[in-house]
Amino acid sequence: MTVLVSGGAGYIGSHLCWLLADQGEEFVVVDNLSTGREFAIPPQGDLIVGDVGDIELIANVIKQHNVDAVVHFAGSIVVPESVSDPLKYYKNNTANSRNLIEVCVENGVKHFIFSSTATVYGEPKKNPVTEDFPFAPFNPYGTSKVMTEMMLKDVAFAHDFDYVALRYFNVAGADPKKRTGQSTPNATHLLKIANQVALGQREYLEIFGEDYDTPDGTGVRDYIHVSDLAEAHWSALQYLRSGGEAIALNCGYGKGFSVREVIETLEQVIGRKLPVKTGPRRPGDIGSIIADNTKIKSLLGWEPKYDDLKGIVESALRWEEALAQKNSQD
Ligand code: UD1
C-alpha cells in the first residue's frame with residue numbers, strides 16, 4: 001500500500017512526507033515543482049515531476065506503485081492572486097482536482113485526503129466556526145476549494161470512495177528537526193514575510209489594514225503549527241483505512257492572534273523592534289477567523305503538540321535561517 005502525495009515538494013506536503021517516512025509508510029510524490037522544492041522530499045519517497053491534472057500520468061503512478069490513498073496538496077494558495085487571476089485557481093485547484101478524483105475512482109483508490117481551507121467559510125458571522133457553518137467564500141481561491149469539496153461529496157455518494165477534507169486555518173512554523181519548512185519563493189504568508197524582515201532580506205513589513213472589527217484593528221487568524229497539521233493528515237489516513245466515512249474537519253487551535261500580536265511575538269524572539277508600515281486592506285482578506293476544533297479531536301483523536309505561538313514563530317525563524325544558507329549554497 002502506497003500513499004500518493006500530490007504537491008509533496010511543497011510546504012505542508014513535505015511535512016507529511018517526512019512524517020510518512022518516520023512511520024515507515026510507503027509514499028510517492030507527484031509535484032510539478034512550480035512552487036515546491038525537490039530538497040524538501042525525504043529520500044525514502046520517489047518524486048514524479050508532473051501535473052496532478054494529467055490523467056494518464058496519475059493512472060500509471062497508481063498502478064505502478066499500488067496506491068491505496070491519495071493526499072492532495074497540489075494547488076495554488078495566494079488569496080490576492082486568485083482575485084486578479086481567478087481562472088488559474090479554477091484550473092489548478094478545481095479542474096485538476098476533478099481529474100485526480102476521476103483517476104482515483106477509475107483505478108479503485110478509495111481513500112482521499114483533501115487540502116481544504118478555512119477560506120470556504122468566508123467572513124464568518126461569529127467565531128469560532130464549526131464545520132456546519134455555510135460555505136460563503138470571499139475570494140476565487142475559497143470558491144475553487146468549495147467546488148472541490150462539493151465534487152468530493154457527490155463522488156463519495158456515488159462511488160466506493162471516501163474522503164477527509166481538512167480545512168486548514170493559518171499554517172505556520174517548520175519541522176522541529178529542520179528537515180523542511182516554508183521554502184516557496186515569493187510566499188505571501190505573514191510569518192514568512194516577517195521573518196524575512198527580521199533576517200534583513202526585506203526592508204519592512206506592511207500591515208494590510210488596521211480598520212478591521214478586531215481588538216487592535218488588524219486581521220485575526222488561528223495559527224496552527226505545520227507539524228500538528230501533518231499529524232492530522234496521518235490520523236485522517238488511519239481513519240479512512242479503517243472504514244471512516246466522508247467528512248470535512250477544521251484544523252486549527254481555536255485561538256486567534258492579530259497581525260500585531262504575531263509581530264510582537266517575533267519581536268520578543270529576536271529581542272528588537274521590526275520595521276513595520278501600515279497600509280490598506282489586501283484584496284480578498286477578511287477580518288477574523290478562528291476554528292472550532294472539537295470535531296477533529298473527537299473523531300480522529302487528534303491532539304496538538306505545538307500549540308504555542310512563540311514556538312511556532314521560533315521554528316519558522318530557524319527554518320528561514322537554514323533556508324537562506326541553503327539558497328546561498330545553490
Ligand atoms: C491563509 C492561507 C490560505 C488559507 C487561510 C485560512 C496563505 C498564503 N494563505 O490566508 O491558504 O486558506 O490562511 O485562514 O498562507 N498580512 C499582513 N502583511 C503581510 C502578510 C499578511 O498584514 O505582509 C496579514 C493579512 O492581511 C492577514 C494575516 O496577516 O490578516 C494573515 O495573512 P496570510 O499569512 O497571508 O494568510 P491568509 O490570507 O489569512
Side-chain angles (χ1 to χ4, degrees), residues 7 10-13 35 73-83 89 92-93 114-124 127-129 133 135-146 148-149 165-173 181-182 184-198 201-224 226 229 250-266 274-291 309 312-313 316:
Y11 173 42
I12 307 168
T35 56
F73 292 99
S76 299
I77 62 155
V78 181
V79 171
E81 184 191 47
S82 80
V83 177
Y89 283 71
N92 289 354
N93 294 355
F114 175 56
S115 300
S116 190
T117 168
T119 309
V120 299
Y121 301 115
E123 173 98 66
N127 276 301
V129 290
F133 271 44
F135 287 143
F138 195 66
N139 49 55
Y141 166 70
T143 309
S144 72
K145 293 284 184 174
V146 166
T148 304
E149 278 207 34
L166 294 174
R167 295 179 181 160
Y168 308 162
F169 284 64
N170 284 59
V171 190
Q182 171 53 269
T184 313
N186 309 318
T188 58
H189 303 67
L190 171 63
L191 194 49
K192 175 91 180 171
I193 291 175
N195 281 331
Q196 289 173 338
V197 176
Q201 297 167 4
R202 286 176 188 253
E203 260 181 65
Y204 62 89
L205 173 81
E206 181 176 345
I207 297 179
F208 297 138
E210 280 194 308
D211 58 346
Y212 286 104
D213 184 18
T214 58
D216 66 15
T218 67
V220 168
R221 300 288 187 274
D222 185 339
Y223 293 90
I224 172 174
V226 63
L229 186 61
N250 287 341
C251 297
Y253 292 150
K255 294 178 188 165
F257 292 98
S258 72
V259 175
R260 284 221 176 270
E261 285 173 316
V262 172
I263 296 169
E264 279 160 22
T265 308
L266 177 57
L274 213 62
V276 168
K277 291 185 183 177
T278 50
R281 290 184 180 195
R282 188 172 60 173
D285 269 1
I286 58 159
S288 175
I289 188 155
I290 300 165
L309 185 63
I312 290 175
V313 167

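Just so you know, these numbers come straight off a predicted model, no measurement behind them. Counting starts at 1 for both ligands and their atoms, in listed order.
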- Query: Do Glu81 and Tyr141 have side-chain N/O donor and acceptor atoms under 3.5 Å apart?
  - Reply: no

- Item | Check: Asp222 side chain, Tyr253 main-chain N or O, donor-acceptor pair, under 3.5 Å | yes

- Message: Which of the numbered atoms in ligand 1 are under 4.0 angstrom from any heavy atom belonging to Thr117?
- Response: 4 (C), 6 (C), 12 (O)

- Mark yes or no for whether Glu264, through its side chain, and Glu261, through its backbone, hold a donor-acceptor pair below 3.5 Å. no

- Query: Relative to ligand 1, is Thr188 under 4.0 angstrom through side chain, backbone, both or neither, heavy atoms considered?
  - Reply: both

- Message: Taking 4.0 Å as the limit for heavy-atom contacts, which would you say applies to Glu206 with ligand 1: side chain only, backbone only, both, or neither?
- Response: backbone

- Item | Contact atoms of ligand 1, heavy-atom distance to Ala118 under 4.0 Å | 6 (C), 14 (O)

- Message: With rounding to the nearest 0.5 angstrom, report the CG to OG distance, Asp213 to Ser288.
- Response: 8.5 Å

- Query: Nearest non-hydrogen atom to atom 3 (C) of ligand 1 belongs to which of Tyr168, Tyr141, Phe208?
  - Reply: Tyr141

- Note on the structure: Taking only non-hydrogen atoms of Ile193 and a 4.0 Å limit, the atoms of ligand 1 in range are 23 (O)

- Task: Using a strict 4.0 Å threshold on nitrogen-to-oxygen distance, state whether Asp211 and Arg281 make a salt bridge.
- Result: yes

- Query: With a 3.5 Å cut-off and no angle check, do the side chains of Glu210 and Thr218 form a donor-acceptor pair?
  - Reply: no

- Task: Among all protein heavy atoms, pick out the one at the shortest distance from atom 24 (C) of ligand 1; state its residue, atom name and that distance to 0.1 Å.
- Result: Val259 CG2, 3.6 Å

- Message: Test of understanding: given a 4.0 Å heavy-atom threshold, classify the contact between Tyr223 and ligand 1 as side chain, backbone, both, or neither.
- Response: side chain

- Message: Distance under 4.0 Å to a non-hydrogen atom of Leu205: what atoms of ligand 1 satisfy this?
- Response: 23 (O)

- Lys145 side chain to Thr119 main-chain N or O, any donor-acceptor pair under 3.5 Å? no

- Query: Is ligand 1 under 4.0 Å from a heavy atom in the side chain of Leu190, in the backbone, in both, or in neither?
  - Reply: both

- Provide, to 0.1 Å, the distance between atom 9 (N) of ligand 1 and the closest protein heavy atom, together with that atom's residue and name. Ile77 O, 3.7 Å

- Message: For Phe169 and Tyr121, take the angle between the two ring planes, folded into 0 to 90°, and tell me which bin it lands in: parallel under 30, tilted 30 to 60, perpendicular over 60.
- Response: tilted

- Item | For atom 26 (O) of ligand 1, the protein heavy atom that lies nearest, with its residue and separation | Asp285 OD2, 2.6 Å

- Please write down residue, atom name and distance for the protein heavy atom closest to atom 27 (C) of ligand 1. Arg221 NH2, 3.7 Å

- Go through ligand 1 atom by atom and flag the ones less than 4.0 Å from a non-hydrogen atom of Gly219. 30 (O)

- In terms of heavy-atom contacts, does CZ of Phe135 have more than 12 from other residues, nucleotides or ligands at under 6.0 Å? yes

- Query: Which ligand 1 atoms does Ile207 reach within 4.0 Å, using its non-hydrogen atoms?
  - Reply: 22 (O)

- Could any protein non-hydrogen atom be found less than 4.0 Å from atom 17 (C) of ligand 1? yes

- Note on the structure: For atom 5 (C) of ligand 1, the closest protein heavy atom turns out to be Thr119 OG1, 3.7 Å

- Message: I need the nearest protein heavy-atom contact for atom 37 (P) of ligand 1: residue, atom name and distance, please.
- Response: Asn170 ND2, 3.5 Å

- Item | Note, Leu191 side chain near Val313 side chain (heavy atom, < 4.5 Å) | yes

- Message: Are Lys255 and Val220 packed together at the side-chain level, in the sense that at least one heavy-atom pair is separated by less than 4.5 angstrom?
- Response: no

- What is the ring orientation for Tyr168 with Phe73, classed by angle as parallel under 30°, tilted 30 to 60°, or perpendicular over 60°? tilted

- Closest to atom 38 (O) of ligand 1 among protein heavy atoms sits Arg282 NH2, 2.8 Å

